[in-house]
Amino acid sequence: MLGTGYLGATHAACMAELGFEVLGMDVDESKVAALSEGHIPFYEPDLEPLLRKHAESGRLRFTTSYEEVAAFGDVHFLCVGTPQSKGEYAADMRYVNGVVEGLAPHLDRPCVVVGKSTVPVGTAARLQELITALAPAGERAELAWNPEFLREGFAVEDTLRPDRLVVGTSSETAEATMREVYATAIAAGTPFLVTDFATAELVKVSANAFLATKISFINAMAELCEATGADVTVLADAIGHDARIGRKFLNAGLGFGGGCLPKDIRAFMARAGELGVDQALSFLREVDAINMRRRAHVVDRARDMVGGSFLGTRVGILGASFKPNSDDVRDSPALNVAGQIQLQGAQVTVYDPRAMDNAAVLFPTLAYASSAVEACTGADVVLHLTEWQEFREMDPSVLDGVVHEKRIIDARNALDQERWRDAGWTYRALGRP
Ligand code: UGA
């Protein structure tokens, strides 16, 4: 496993669980040391016990050496990140290129290199040429492209029981190897689709583009609902009953964030531009714009609620991670809103069940509290920005005596509005009367 971040660490532990001998490789020595002891540097339910189990069983080890990993593996998974490049939409390919350039010169026997990272279409064909040129094994070091669809918060479940497997390869040997790697899932009936490189690469980005579009579609409907007094949650339920539409990913609110959807749609647009088909994806510009508008909209609603100006007000923020069950704050809508409000003069205090440390690194000037009650103490308005179970189940009475004004914006449409209103709160949601 080359790269032991979110994807690599999860895949490594799950492959060990499936019975394989696994060696994880990372250039970051401290990460390797922590993983070797069974610690993961992020929050992912179910992953740490699995990692410990196989660190102890000896089936899972970690190293910083390309040489060692090349000598060890029959299959090499590329699991490094492709973040957005600074100052442009395109993906930053330095980690993918770096890992292939580091590994390939040591590949001296037949093996399959398997790309899992989300990459611009055309990358696999380029990497296959690079590997053939650099590897002593030449053409016997083959490449397959096997995109990853795991969701943070469900990473182990999604890896052990994926809803589909996609493998881009034209080599029968590589295909046979991949069927062996995924034998358990295939036996359980998981669809296994063999494609060319370009299709496999496109499956991943188009899936994320579709999900992003679905979220922005319902958020656009939320704007119409607000203008007309309609209720977007009922609308979503009603259209979701149509099996062709489906109810999933139709939760209107603060919109999408995280380390995947936002940067993937932008990299996709950038790549389409390079390919001369930018018009095909110009709708993604609108998807992005609708999504970013959600953040500004919540700021505007909150400002209205405190009387038109944030100056001298206190705002309590519930949630910092980009979604519940994650401590990931990359492009987090919640922190974006918190930051904007602070810049407009409010005193902002944030609480999140898991993401406080990461949030404090990214937004060191915000105030952080160790509980929801502490974050909301003296608040003129409370903003519910990430729908953790702790917040969804919260009894409004715990905040009654501590806030300055009983006002809440439920920017995830996830709280029980009757309960909050019955408790005497001014409750506002997005796209609902
Ligand atoms: C996403 C995809 O769902 C995975 O299939 C994919 O493998 C992954 O990106 C990736 O490319 O690695 P993830 O970023 O973990 O997974 O998060 P999602 O569960 O997709 O949520 C993304 C964002 O959309 C969150 O901020 C969430 O709050 C928001 N969202 C989701 C909504 O606003 N409304 C919804 O109805 C659903």
Side-chain angles (χ1 to χ4, degrees), residues 3 5-8 10-11 42-45 47 79-84 91 116-119 146-159 162-166 201 203-222 232-233 235-237 239-240 245-268 287-288 290-295 297-298 319-337 352 355 384-388 391-392 410-414 429-431:
Y6 217 100
L7 171 58
T10 305
H11 210 62
F42 49 85
Y43 173 68
E44 177 63 41
L47 182 55
C79 297
V80 290
T82 51
Q84 186 175 336
K116 290 199 83 66
S117 312
T118 303
V119 294
N146 169 221
E148 182 54 55
F149 305 107
L150 69 79
R151 297 160 299 167
E152 294 188 14
F154 301 91
V156 170
E157 172 66 19
D158 285 353
T159 306
D163 47 20
R164 78 286 208 190
L165 290 159
V166 176
E201 293 165 319
V203 167
K204 172 59 195 264
V205 272
S206 59
N208 275 2
F210 190 84
L211 295 172
T213 304
K214 218 175 165 189
I215 298 168
S216 278
F217 174 83
I218 201 66
N219 281 328
M221 293 308 111
V232 74
T233 62
L235 182 142
D237 289 344
I239 62 172
I245 296 173
R247 178 63 179 83
K248 288 180 183 161
F249 268 64
L250 283 184
N251 294 322
L254 186 49
F256 60 82
C260 302
L261 300 192
K263 65 106 176 154
D264 284 355
I265 60 169
R266 292 171 194 156
F268 202 13
V287 166
D288 204 0
I290 294 167
N291 191 54
M292 297 311 279
R293 213 149 63 215
R294 303 310 286 165
R295 304 173 184 192
H297 183 59
V298 172
S321 57
F322 84 104
K323 67 172 188 180
N325 298 318
S326 167
D327 65 356
D328 196 341
V329 296
R330 285 177 295 169
D331 199 1
S332 166
L335 282 180
N336 184 300
V337 167
D352 186 282
H384 174 236
L385 303 183
T386 313
E387 70 278 31
W388 285 90
F391 305 142
R392 280 188 273 124
D410 177 10
R412 292 293 181 180
N413 289 335
L430 302 188

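Atoms within a ligand are numbered from 1 in the order they appear, just like the ligands themselves.
Take N325 and apply the side chain to side chain donor-acceptor pair (under 3.5 Å) test, not counting sequence neighbours, and it matches no residue. For D327, the salt bridge (charged side-chain N to carboxylate O under 4.0 Å, His left out) criterion is met by no residue, not counting sequence neighbours. Taking Y6 as the reference, F42 meet the ring-ring contact (aromatic ring centres under 6.0 Å, His included) condition, with sequence neighbours excluded.
At distances below 3.5 Å, at least one donor-acceptor pair connects side-chain atoms of K263 with backbone N or O atoms of T82. Of the possible polar contacts, none joining the R412 side chain to the H384 backbone as a donor-acceptor pair under 3.5 Å is found. In this structure, T386 contributes its side chain and W388 its backbone to no donor-acceptor pair below 3.5 Å.
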What are the atom names and distances for all N or O pairs under 3.5 Å between ligand 1 and the protein?
from	atom 1	to	atom 2	distance (Å)
ligand 1	5 (O)	F149	O	2.9
ligand 1	7 (O)	F149	O	3.1
ligand 1	7 (O)	L150	N	3.3
ligand 1	7 (O)	L150	O	2.7
ligand 1	11 (O)	K204	NZ	2.8
ligand 1	11 (O)	N208	ND2	2.8
ligand 1	15 (O)	E152	N	2.8
ligand 1	15 (O)	K323	NZ	3.0
ligand 1	17 (O)	K323	NZ	3.2
ligand 1	19 (O)	K323	NZ	2.9
ligand 1	26 (O)	G257	N	3.1
ligand 1	26 (O)	F322	O	2.9
ligand 1	28 (O)	R412	NH1	3.4
ligand 1	33 (O)	R412	NH1	3.4
ligand 1	34 (N)	N251	O	3.0
ligand 1	36 (O)	L250	N	3.4
ligand 1	36 (O)	N251	N	2.9

